[in-house]
Amino acid sequence: MEASTTIRKMMAGNKIVVPTYQRAYSWDTPFPKSDRNTQTNVFLEDLEEYSKSNASTPYYFGHFLFEERNKEFNVIDGQQRLTTIVIFLSSLFAKMKDIRNLTDSEEICYEDMVKRRDVIRFSTVDYDNQLFIDYVIERTKVDHNGLDTESSRRIVRAFDFFNERLASKDEEYLTKMLSIISEAACSTHPVQSESEAIQMFIFQNNRGKRPSNLEIIKAQFMYNVHLHGNEDRDALTVEIKNRFERIYRSISSIEYRINEDDILLYTLRVHFNSLWEVNSIERINKILTSGDPIDFIKSFTRSLSTSFEHLSLFFGRHERENFAIHSLITLGRIAIALPFIIKAYKYALATDEISVLCSSLEDLVIRHRLIGTRADMTSRINDVFEKFTEENKKTSPIIERIEWMKTTSEWWWAYWNNEQLRNALQRGIDHAVAKYLLWKYEVHLEQQGKSGYLPTRFDRIISPEVEHIAPTTEPEIKPHGYGNYDEEFRNQYLNCLGNYLLLSKSHNCAVGNISLKQKLATYMHNEQQREVKSLVPEDGIWSKEIIQKRKDKIIAALIAMC
């Protein structure tokens, strides 16, 4: 490869591969009827802007870093751009072939950049590559079945997006786009030594847009293995690559549920058995620069890979099968709980025991969020976290600590007790939290006298929203059935749990500012809607007294549950 070249020359005659220890395809595509900017639509819009500009210099696609190995070029930096270029080219050539036969020069261009006979110029990570070939290159797969990873779904969405955007384009547009991409300038740096490639990656990304902390740590681990691995260097490099292959597989299945850098930090807390760990890069760099780091690299990459595998199970199959795990994950923002969860999986605890732990941690998280105190939670639970070890796997001390914190009146511990929770629930509640609380209340109502029934999962509610039973804006047509909109009613009753109701988005849009009688006629889809109907007497009004009565009932149920 030439240092300064074009996209076509860079790809022609070469085999470019994304190694499995690198990140899979991660660029997002806008969903239908969405105007959100994502990487793929920005990619296309930039090309179209360039096309309109009549610029005299070629379009520039940036720098690409490769490791040359066995007549293949492993992409170290630039795989997202390259993957998108190939997806777009495949869509572009398909559209051109629909219009007419390719010219000889276009056929050669296709062979240079996409496929020549059985040689495909670009391959993504192993676990997505067959889908990439079938859906994008060969176009033999036309359905969306069997997309096991988020990266495979991204590949499909990107290809579908480009197909849709190119569907109405004429021949002139298509040929101009092909010319722009094939002649686009780029720079390359192929190296023979993996160590040099890793150094280049670290150097570039410490001075430009930073990759994730996880990617930086991976590169630093591999570089340190090259420096200090001695006779074990090759075996250690393979081990790290294999572990990061499993990590990136896990990321592809859970990346919308949790951030990879957060998992890195939680693993650090588990590895060093302290919730006080706060800076992954700083802590790890300190270890790498002090003496021989090899033992740490081996043990920590093992811990990291295990954390990702366990959290894939936690956020995946176990969340689907276990209501307590589903409930904790539904609450969200559970950073304080996840190091405990990682330990529980690490110690191979039974799912039933993990479920009980999840329920207890959920109580702590929701109290912490609702009460909003500045008191530090870590100092109150770090000791039970530290004592939760391989030798002492019992979760009972953790659960007992949380239960005690819920009832104690000792000043240093009492920030999250039942009294503080009751006070917090009396105030206005953020709608995101209110949805969760009303769902928990729905579960409570379902369980009254109905043993043996499975509780309703939050994800079974279609687009859940919080409705104000008495609308925030008083209906113009009177009598409307909502009582007197005086200052007390507006300030103390409109935005409280007693006036909130959980329903679907479509239901919420349908009721709006209609009268109480009309609303009540629609309240038939869940237990709390039916309860609201039962609270209002015939031709009665949704009064302050009824709102307060319902609010007190909801608060009592939530305190008993949380």
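A quick note: this is a predicted structure, and the numbers were derived from the prediction, not measured. For reference, positions follow the sequence shown, starting with 1.
- N513 places a side-chain N or O within 3.5 Å of a backbone atom of T473 that can act as its donor or acceptor partner.
- In K533, the NZ atom is crowded: over 12 heavy atoms of neighbouring residues, nucleotides or ligands sit closer than 6.0 Å.
- A distance of 10.0 Å separates CD of E419 from CD1 of I559, quoted to the nearest 0.5 Å.
- W27 does not carry R81 over the face of its six-membered ring by the limits of under 6.0 Å from the centre and within 45° of the normal.
- A heavy-atom distance below 4.5 Å is not found between the side chains of N417 and M405.
- Listed by first and then second residue, the salt bridge (Lys or Arg N to Asp or Glu O under 4.0 Å) pairs involving residues 147-165 are D28-R154, E48-R165, E150-R153, E150-R157, R154-E255 (not counting sequence neighbours).
- Checked against a 6.0 Å centroid threshold, the rings of Y500 and H431 count as neighbours.
- More than 12 heavy atoms of other residues, nucleotides or ligands lie within 6.0 Å of NZ in K393, so this atom counts as buried by the packing criterion.
- Residues Y493 and H468 keep their aromatic ring centres 6.0 Å or farther apart.
- Side-chain contact of S355 with N322: a donor-acceptor pair under 3.5 Å is present, judged by distance alone.
- With a 6.0 Å cutoff to the six-membered ring centre and a 45° limit on the axis angle, R530 does not count as a cation-pi contact of Y523.
- A salt bridge (Lys or Arg N to Asp or Glu O under 4.0 Å) check over residues 425-441, counting only residues at least two apart or in different chains, returns the pairs E362-K440.
- For the pair S504/S463, no side-chain contact is recorded, criterion being any heavy-atom separation below 4.5 Å from C-beta on.
- No side-chain donor-acceptor contact under 3.5 Å links Q492 to the backbone of E488.
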Practice task
For the pair F88 and T40, evaluate side-chain contact (heavy atoms from CB on, under 4.5 Å) and give the outcome as yes or no after the intermediate values.
Solution key: CA-CA 9 Å; F88 180 72; T40 50; over 6 Å; no
Practice task
Check the pair T395, V356 against side-chain contact (heavy atoms from CB on, under 4.5 Å), reporting the backbone distance first and the verdict last.
Solution key: CA-CA 9 Å; T395 59; V356 175; 5.8 Å; no
Practice task
Verify salt bridge (Lys or Arg N to Asp or Glu O under 4.0 Å) between K394 and E353, making sure each step is shown before the conclusion.
Solution key: CA-CA 9 Å; K394 294 181 180 179; E353 193 168 0; over 6 Å; no
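- Counting non-hydrogen atoms of neighbouring residues, nucleotides and ligands closer than 6.0 angstrom, the CD atom of E390 exceeds 12 such neighbours.
- Listed by first and then second residue, the salt bridge (Lys or Arg N to Asp or Glu O under 4.0 Å) pairs that reach into residues 460-473 are E467-K519, sequence neighbours excluded.
- Considering only heavy atoms from C-beta on, T149 stays 4.5 Å or farther from S253 through its side chain.
- L502 has its side chain out of reach of Y441: every pair of non-hydrogen atoms, C-beta onward, lies at least 4.5 Å apart.
- Using a cutoff of 4.0 Å between basic side-chain nitrogens and carboxylate oxygens, K141 and D143 are scored as salt-bridged.
- One distance of note links OH of Y266 with CG of N259; it measures 8.0 Å at 0.5 Å rounding.
- Listed here is the closest heavy atom pair of I547 and C496: CG2-SG, 3.7 Å.
- For N41 (side chain) and T38 (main-chain N/O), a donor-acceptor pair under 3.5 Å exists by modelled atom type.
- Remark: H310 engages Y345 in a ring pair (Phe, Tyr, Trp, His ring centres under 6.0 Å) (not counting sequence neighbours).
- Counting heavy-atom neighbours within 6.0 Å of R333 CZ, excluding the residue itself, gives a total of 12 or less.
- Side chain of N382 to backbone of L275: a donor-acceptor contact under 3.5 angstrom is found.
- Relative to the ring axis of F340, K343 does not place its NZ or CZ within 45° and under 6.0 Å from the centre.
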Handout entry: CA sep, side-chain torsions, deciding dist, call: L338, I258, side-chain contact (heavy atoms from CB on, under 4.5 Å)
Key = CA-CA 10 Å; L338 285 170; I258 185 170; 3.6 Å; yes
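- W404 is listed as a side-chain neighbour of T408, based on a closest heavy-atom distance under 4.5 Å.
- Within 6.0 Å of CD on E321 lie more than 12 heavy atoms contributed by other residues, nucleotides or ligands.
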Exercise for the section: Show your reasoning for whether ring-ring contact (aromatic ring centres under 6.0 Å, His included) applies to Y248 and F308. Expected result: CA-CA 9 Å; Y248 282 124; F308 274 94; 8.2 Å; no
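- Applying the salt bridge (charged side-chain N to carboxylate O under 4.0 Å, His left out) test to D376 and every residue at least two apart in sequence or in another chain returns nothing.
- For the residue pair H271 / S303, a side-chain donor-acceptor distance below 3.5 Å is found, with atom types taken as modelled.
- Put simply, the side chain of R369 gets close to the backbone of L331: a donor and an acceptor are under 3.5 Å apart.
- Evaluated for a side-chain hydrogen bond (donor to acceptor under 3.5 Å, both in side chains) with D552, the options K549, R550, Q548 yield exactly one hit, Q548.
- Judged by distance alone, the side chain of S534 and the main-chain N or O of E531 form a donor-acceptor pair under 3.5 Å.
- Pairs passing the salt bridge (Lys or Arg N to Asp or Glu O under 4.0 Å) check and including a residue from residues 489-503, sequence neighbours excluded, read E474-R490.
- Within the 4.5 Å cutoff, no side-chain heavy atoms of W416 are placed close to those of D363.
- Of the N and O atoms on the side chains of R367 and N418, at least one donor lies less than 3.5 Å from an acceptor on the other residue.
- Between the side chain of R380 and the backbone N or O of W412 there is at least one donor-acceptor pair closer than 3.5 Å.
- Without hydrogens or angle criteria, Q528 side chain to L438 main chain gives a donor-acceptor distance under 3.5 Å.
- Centroid-to-centroid, the aromatic rings of Y347 and F388 come within less than 6.0 Å.
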Exercise for the section: Apply side chain to side chain donor-acceptor pair (under 3.5 Å) to the pair T456 and E446, showing each step before the final yes or no. Expected result: CA-CA 8 Å; T456 297; E446 287 177 341; 2.4 Å; yes
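- When atom types are taken as modelled, the side chain of R36 and the backbone of P30 share no donor-acceptor pair closer than 3.5 angstrom.
- Remark: E215 does not engage K218 in a salt bridge, criterion side-chain N to carboxylate O under 4.0 Å.
- Proximity of E309 to R246: side-chain heavy atoms (C-beta onward) are separated by under 4.5 Å at one or more points.
- In this structure, a donor-acceptor pair under 3.5 Å is absent between the side chains of S274 and E277.
- Under the 3.5 Å distance criterion, the side-chain polar atoms of N499 are matched with a main-chain donor or acceptor of L494.
- Ring pair W439/F458: centre-to-centre distance below 6.0 Å.
- T29 has its side chain out of reach of F162: every pair of non-hydrogen atoms, C-beta onward, lies at least 4.5 Å apart.
- With a 6.0 Å radius and a threshold of 12 heavy atoms from other residues, nucleotides or ligands, Y256 has its OH atom above the threshold.
- Rounding to the nearest 0.5 Å places CG of L311 at 11.0 Å from CD1 of I251.
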Handout entry: Chi angles and distances behind the salt bridge (Lys or Arg N to Asp or Glu O under 4.0 Å) call for K406, E403
Key = CA-CA 5 Å; K406 289 160 62 172; E403 288 302 308; 3.0 Å; yes
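- Distance check, rounded to the nearest 0.5 Å: NE2 of H368 to CD1 of I381 gives 9.0 Å.
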